[in-house]
Amino acid sequence: MATRTIEPQERRTAGVQLNGRAAQVVSKVLKATGEELNRVGYATMRMDEIAERAGVSKSTIYRRWPTKAELVIDLISNHFDEADNEPNTGSLRQDLINHGLHLLKLSKSPMWYGVLSSLTGRTEPEVDQLATNLRERAQETRKRIVQRSIDRGELSKFVDVEIICDMFAAPILRRLFTSNLTVDARYIEAITDTTLAGAAALATLKRA
């Protein structure tokens, strides 16, 4: 059966005023949704448990979000801009470290962990499509960070930007959202330094 992808600008919270009871309800429900995603995952997440956690009725949720997929899409769409961190310090090493530290900070929030983990797992087709789009957007952010370092002569023009981004991001995301292993500032610094050392070695080989 065909599914319709709901783009971020189509989210059901569009047009809700920043103040007032309706905005408060939306905020509570989305926060509760992220926390439930973190607690039980998408497959077993239930609307009644979200309603209980948010302190609202199920009918309140269903009036705005008729399906679980639409609720999760709204959650991701509303919050991804805050996760899309693009530091520009003038140093590639510091930019990558800051980017990694931002992901680490977000992962410590139950709501944010739920949002970000939903981008790495499989859910329903329409949610998967949005997650794919946002993963690509995050990768484009990292590519811009690396490309700026090439433009200012900090990094060799012979490097492969995509590979550098993958080398940096993959181990951090895997440990945070797949393996549940420890990530701290020292780990992020080590991944950054290893990535940059590998990039320098590859650039040397390409020039040879």
Side-chain angles (χ1 to χ4, degrees), residues 8 34-35 37-39 41-42 72 75-123 127-208:
E35 291 171 351
L37 277 172
N38 175 39
R39 188 178 73 86
Y42 182 85
V72 172
L75 170 70
I76 296 172
S77 299
N78 269 274
H79 290 87
F80 192 79
D81 282 344
E82 299 170 45
D84 196 16
N85 178 254
E86 188 174 338
N88 186 7
T89 65
S91 161
L92 176 58
R93 182 179 187 273
Q94 194 59 55
D95 285 347
L96 291 177
I97 288 172
N98 288 355
H99 185 73
L101 290 174
H102 182 71
L103 289 174
L104 176 60
K105 177 182 177 182
L106 294 178
S107 74
K108 294 182 182 299
S109 158
M111 187 198 75
W112 268 111
Y113 189 92
V115 172
L116 295 176
S117 62
S118 67
L119 298 181
T120 59
R122 295 199 61 79
T123 51
V127 181
D128 282 342
Q129 182 58 56
L130 177 61
T132 296
N133 293 342
L134 294 180
R135 284 195 297 268
E136 291 172 354
R137 177 173 154 186
Q139 182 75 337
E140 288 300 317
T141 294
R142 289 187 283 269
K143 287 166 68 174
R144 286 194 298 271
I145 291 172
V146 175
Q147 186 60 52
R148 279 198 296 268
S149 75
I150 296 172
D151 294 342
R152 61 179 176 256
E154 182 184 9
L155 204 60
S156 168
K157 65 181 180 180
F158 294 100
V159 301
D160 188 312
V161 173
E162 191 91 32
I163 288 177
I164 292 174
C165 294
D166 289 344
M167 288 173 62
F168 167 76
I172 295 173
L173 295 173
R174 179 182 64 82
R175 289 177 75 98
L176 283 176
F177 304 112
T178 304
S179 303
N180 292 319
L181 297 173
T182 299
V183 174
D184 56 19
R186 285 192 304 173
Y187 180 80
I188 291 171
E189 290 175 2
I191 287 296
T192 300
D193 290 337
T194 302
T195 298
L196 295 181
L202 286 172
T204 300
L205 288 174
K206 287 187 176 184
R207 282 196 300 266

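Quantities reported herein were computed from a predicted structural model and do not represent experimental measurements.
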Just to verify, which of Arg142, Arg144, His102, His99 counts as forming a side-chain hydrogen bond (donor to acceptor under 3.5 Å, both in side chains) with Glu86? Arg144
Partner set under side chain to side chain contact (heavy atoms under 4.5 Å, CB included) for Arg39, not counting sequence neighbours: Glu36, Glu49, Arg53
Could you work out, with side chain to side chain contact (heavy atoms under 4.5 Å, CB included) as the rule, every residue matching Asp151, not counting sequence neighbours? Gln147
I need the [X] [atom1] to [Y] [atom2] distance, nearest 0.5 Å.
X: Ile164; Y: Ser149; atom1: CD1; atom2: OG; answer: 6.5 Å
X: Arg93; Y: Asn98; atom1: CZ; atom2: CG; answer: 10.5 Å
X: Lys105; Y: Asn85; atom1: NZ; atom2: CG; answer: 9.5 Å
X: Leu96; Y: Thr89; atom1: CG; atom2: OG1; answer: 9.0 Å
X: Tyr187; Y: Leu176; atom1: OH; atom2: CG; answer: 8.5 Å
X: Leu155; Y: Leu92; atom1: CG; atom2: CG; answer: 6.0 Å

A side-chain contact here means heavy atoms from C-beta on lying under 4.5 Å apart; do Leu75 and Leu37 qualify? yes
Close side-chain approach of Val183 to Ile188, heavy-atom, < 4.5 Å: yes
Show every side-chain hydrogen bond (donor to acceptor under 3.5 Å, both in side chains) that has at least one partner inside residues 161-177, sequence neighbours left out. Gln139-Glu162, Gln139-Asp166, Lys143-Glu162, Arg174-Ser179
Please name the pair of heavy atoms, one in [X] and one in [Y], separated by the smallest distance, quoted to 0.1 Å.
X: Thr192; Y: Phe168; value: OG1-CE1, 3.4 Å
X: Pro87; Y: Asp95; value: CG-O, 3.1 Å
X: Leu104; Y: Ala185; value: CD2-N, 4.3 Å

What verdict does the side chain to side chain contact (heavy atoms under 4.5 Å, CB included) test give for Thr132 and Glu136, after you've listed the backbone C-alpha separation in whole Å, the side-chain angles of each residue and the deciding distance to 0.1 Å? CA-CA 6 Å; Thr132 296; Glu136 291 172 354; 3.6 Å; yes
Between the main-chain N or O of Ile191 and the side-chain N or O of Thr194, is there a donor-acceptor pair closer than 3.5 Å? no
